[in-house]
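We number each residue from 1, following the sequence as shown. Treat the numbers as computed from the prediction; the structure is a model and nothing was measured.
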Amino acid sequence: MAEDPIAEALDANNERPERVEHARVRTLGNVRLRHHETNKVILIPTPSADPNDPLNWSQLYKFYIATIICIAMMMCNFLAAGPTIAIVSTTMDFFPGANPKLDPAYFSSSISKVSYFFTTTALLQGTGNFFWVPVANKYGRRPTYVLSYLIYTACAIWLCFDHSYDGFLAGRIIMGFGAGAAETIAPITIADIFFLHERGKVMAFYTSFLSVGVAFGMIISGLITIQHEWRVIYQVASALVGAVLLLAFFSFPETAYIRDLPEADEPMTPDRIVLEKSDAVTSDVERGNKAVLSKQQSYLGSLKIFHTRLTDESLFKLILRPLGLIFLPPVLWSALVESVTIGFLVAVTSNVDVAFEATYGFASWQVGLCFIAALIGSLIGIPAGGQFGDMVADWLTKRNGGIRDPEMRLPAMIPSLITAPLALILYGVGIEHKLHWICPTIGLGLLNFSIVQGTNVCLVYVIDSYRPVAGEVTLAVMGFKSLFGFLLSFYTNNWIAESGYQNSYGVMAAIAAVIILMWVPLYIWGKQIRHASWTWLVISYIHWSIDREVGE
C-alpha cells in the first residue's frame, strides 16, 4: 500500500468523473477508496489545509505517536498479567502455611483468593473504559491518557508497600481502572492520525503490543524472581509506568480534530450520505487562504491538557451507546473473536505457573522464558494481521471498481482459523500427556499469533464499519472480552480439575474454530446485515449525531 500513488487534493466526498455520474449513496463503511479512472488511492478522510490537522503531520511524527500508544498498552498488560508468573510465591506470602506439598487443600483455596488480584484487574481494565471512552470522545484523548496513567502510576507505587490482602486487592482493582484506558482509546487515536488505507498495518502493531505486554511482563517478571522477591516486580513496573506517564505528558498531543463536513443537498446522517458531483475540487488558492488563517500550534500549546469539547452529545448517551452497539452482528462477532483468543489466553495465564511447575518442575523464571514463544508469535502476527489484511482488502477493492466494503478484509481471518484451535490443542494435550515442554510452548506462540492476526482483522473491520463511533465500538468489544475473561478465569481451574487439560482445552479449541469461522457468512451477507441491523428498534437510540461525522 505504501507504494500506491495518491490522488492528491481529491476529496472522496466530491469526486468528479468526466461523465455525469448518478448520485451515489455511501453508508456505514462503504466508501470509494480508489479513483475510478486512475486507480490512485483517495485520502480518506480528506485532509484539511490546517497545519494542526493530525492528518497533515509528518509520517515520522505519526509513527512516533503510534509508538507511544503501543508502549502505553504494553505497560498496561505488563503489570496486569506479569506478576501471575509468581502466583505461587505470592500466595505463600499472603497466606503463611499455604504450601502445595504440605497442605494442598489450603494452598488450593488460598491461590484462588490470590487469583482475584489478577481477575479483578482484568475486569476493571475493560469495564473502567465505560468511563474513559466517553470522556475521550467528549473532552479529548490527551486528558484521558494523562489522567488514567496518573492513576495507574500511583497505584503501582502503592502496591510496592501494601502488605495486607484487602489493601493489595483494592490497589489492584483501582490500578485496573486506570490501566485499561490506553487499551481502548488507542484505536480512536490511530483513526485520528492515519488515513483509511494506512490503518490496517498500524492497528496490527496495536494488537501485537496488547499480547506483547503479557509476554513481556511474564518474561521480565520471571527473570526478576531469580534473585529477588515477587514485590520487586512492582518496583520495576512503577518506574516503567512512571516513565510512560512522563512521555505522554511531555510529548503526546491532542489527536482529535473537528473537521468541516462535506456539504450536501440533503441532511447528512450516518444512514445516508448523498454524494453529488461538485462543480470543482477546492482550488489551490482557496486552500492556501485557509492555511493562512491557521498557525502551527506551539510546543507549549500542545502541553495544554484540555483543548475543546468535541461533541454536544451527552455523556449519558456516550456511556449507553456501547451497550447497544454489542447487539450489532459485526460488533458481537468481533467481541466473540476477542473472547476466544484473548479470553482463552487469560485462561492459560491464570494457571500456567501451576501447570508447568507440576508437569515439568519448572521454576517461575523458566515458565516466564517460555513466553518468548508468545513474543515471537506476536511479532509474526504483525504483518500477518496488518499488511496481509491490507493486501487482501485492497485486491478486492480493485476488483470492485475502487469501492471499499469493510467485509473485504475478512478473508484474512483464514490463518487464525487454523492457528487458534491448533494452539489450544497443543497446549492442552501437551500438559495432559506430559509431552516435551516445547509442545505447550509452541501452543503459547500460536495463540499469541492468533490474537495479533485475527483480532486485528476483526477490529479494523468493525471500526471501518462504524468509524464515527470507533471508541464506543472498541469499548463494546473490549468490555465484552474483559467480562468473558473474568468469568473464565474463575472457572478454568475447576474445569481443568474435573475434565483435564486435554478435554477442557479441546472444547476451547472447538469453540474458537466455530466463532472464527463466522467470518464466512459475514463476508457474504455482511453488507446487508449491517444495513438491516442499523434500523432495528434497539439500535435506534445509539445512532450518532452529526458532529461525530469524520469525513469518511
Intermediate values then yes/no, side chain to side chain contact (heavy atoms under 4.5 Å, CB included), Trp534 and Ser465: CA-CA 11 Å; Trp534 195 246; Ser465 299; over 6 Å; no
Steps toward side chain to side chain contact (heavy atoms under 4.5 Å, CB included) verdict (Asn129, Met478): CA-CA 9 Å; Asn129 281 306; Met478 294 297 186; 5.6 Å; no
Step-by-step side chain to side chain contact (heavy atoms under 4.5 Å, CB included) determination, Arg409 to Val392: CA-CA 6 Å; Arg409 193 175 296 274; Val392 171; over 6 Å; no
Stepwise side chain to side chain contact (heavy atoms under 4.5 Å, CB included) test for Leu124 and Met175: CA-CA 8 Å; Leu124 265 295; Met175 185 192 77; over 6 Å; no
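Without hydrogens or angle criteria, Ser221 side chain to Met218 main chain gives no donor-acceptor distance under 3.5 Å. Within the 3.5 Å criterion, the main-chain N or O of Phe195 finds a donor-acceptor partner in the side chain of Glu198. The backbone N or O of Gly222 sits less than 3.5 Å from a side-chain atom of Thr225, completing a donor-acceptor pair. Not one N or O on the side chain of Asp405 forms a donor-acceptor pair closer than 3.5 Å with the backbone of Met408. Between the Arg172 side chain and the Thr119 main chain, no donor and acceptor come within less than 3.5 Å of each other. In this structure, the side chain of Asn503 engages the main chain of Ser499 through a donor-acceptor pair within 3.5 Å. Looking only at distances, a side-chain donor or acceptor of Thr341 sits under 3.5 Å from a matching main-chain atom of Glu338. Glu498 places no side-chain N or O within 3.5 Å of a backbone atom of Trp495 that could act as its donor or acceptor partner. In terms of modelled atom types and a separation under 3.5 Å, the side chain of Ser364 and the main chain of Ile85 share a donor-acceptor contact. Side-chain atoms of Tyr360 come within 3.5 Å of backbone atoms of Leu435 as a donor-acceptor pair (strictly under, hydrogens ignored).
Residues Asn77 and Glu183 meet the side-chain proximity criterion, which asks for heavy atoms closer than 4.5 Å. Side-chain contact between Ile173 and Thr121: absent, with no pair of heavy atoms (C-beta onward) separated by less than 4.5 Å. Residues Thr455 and Lys481 have side chains not in contact (no heavy-atom distance under 4.5 Å, counting atoms from C-beta outward). Looking at heavy atoms from C-beta onward, Pro134 lies out of side-chain contact with Arg321 at the 4.5 angstrom threshold. With contacts defined as side-chain heavy-atom distances shorter than 4.5 Å, the pair Phe205/Asn456 does not qualify. Side-chain contact check for Thr189 versus Phe252: some heavy-atom pair is nearer than 4.5 Å. With contacts defined as side-chain heavy-atom distances shorter than 4.5 Å, the pair Leu522/Leu410 qualifies. Here the side chains of Val340 and Met508 are not in contact, with every heavy-atom distance at 4.5 Å or above.
Applying the ring-ring contact (aromatic ring centres under 6.0 Å, His included) test to residues at least two apart or on different chains, none of the pairs has a partner in residues 368-414. A ring-ring contact (aromatic ring centres under 6.0 Å, His included) check over residues 501-530, counting only residues at least two apart or in different chains, returns the pairs Tyr427-Tyr505.
Here the OG atom belonging to Ser208 is positioned 3.5 Å from the CD1 atom belonging to Ile382, to the nearest 0.5 angstrom. Rounding to the nearest 0.5 Å gives a distance of 14.5 Å between CZ of Phe480 and OG1 of Thr127. From Ile515, atom CD1 reaches atom OG of Ser339 across 8.5 Å, with rounding to the nearest 0.5 Å. Separating the CD1 atom in Ile431 from the OG1 atom in Thr359 is a distance of 4.5 Å, to the nearest 0.5 Å. Residue Ile65 holds its CD1 atom at 12.5 Å from CZ of Arg141, rounded to the nearest 0.5 Å. Cys370 SG to Ile438 CD1: the interatomic distance, rounded to the nearest 0.5 Å, is 7.5 Å.
Using a 4.0 Å cut-off between a side-chain N of Lys or Arg and a carboxylate O of Asp or Glu, Lys317 and Glu472 do not qualify as a salt bridge.
Here the shortest heavy-atom pairing between Ala384 and Gln453 reads O-NE2, 3.1 Å. Residues Trp333 and Cys458 approach most closely at CZ3-CB, 3.4 Å, considering heavy atoms. Residues Ser533 and Ile539 come closest through the heavy atom pair O-CG1, 3.4 Å. Pairing each heavy atom of Ile233 with each of Pro83, the nearest pair is CG2-CG, 4.0 Å. Annotation for Ala186 and Met73: closest pair CB-SD, 3.6 Å, computed over non-hydrogen atoms. Across Ile219 and Gly368, no two heavy atoms sit closer than the pair CG1-O, 3.2 Å.
No more than 12 heavy atoms of other residues, nucleotides or ligands sit less than 6.0 Å from atom CZ of Phe327. The neighbour count for Phe118 CZ, taken as heavy atoms of other residues, nucleotides or ligands under 6.0 Å away, is above 12.
The aromatic rings of Tyr106 and Phe95 sit perpendicular to each other, their planes meeting at more than 60°, with 30° as the lower class boundary. Relative ring orientation between Phe177 and Trp132 is described as tilted, the plane-to-plane angle lying within the 30° to 60° band.
Aromatic ring centroids of Tyr152 and Tyr149 lie under 6.0 Å apart.
Among Trp365, Phe117, Phe94, the one residue that satisfies the ring pair (Phe, Tyr, Trp, His ring centres under 6.0 Å) test with Trp230 is Phe94. For the side chain to side chain contact (heavy atoms under 4.5 Å, CB included) with Asn448, the lone residue among Thr419, Leu375, Val348, Leu345 that qualifies is Leu345.
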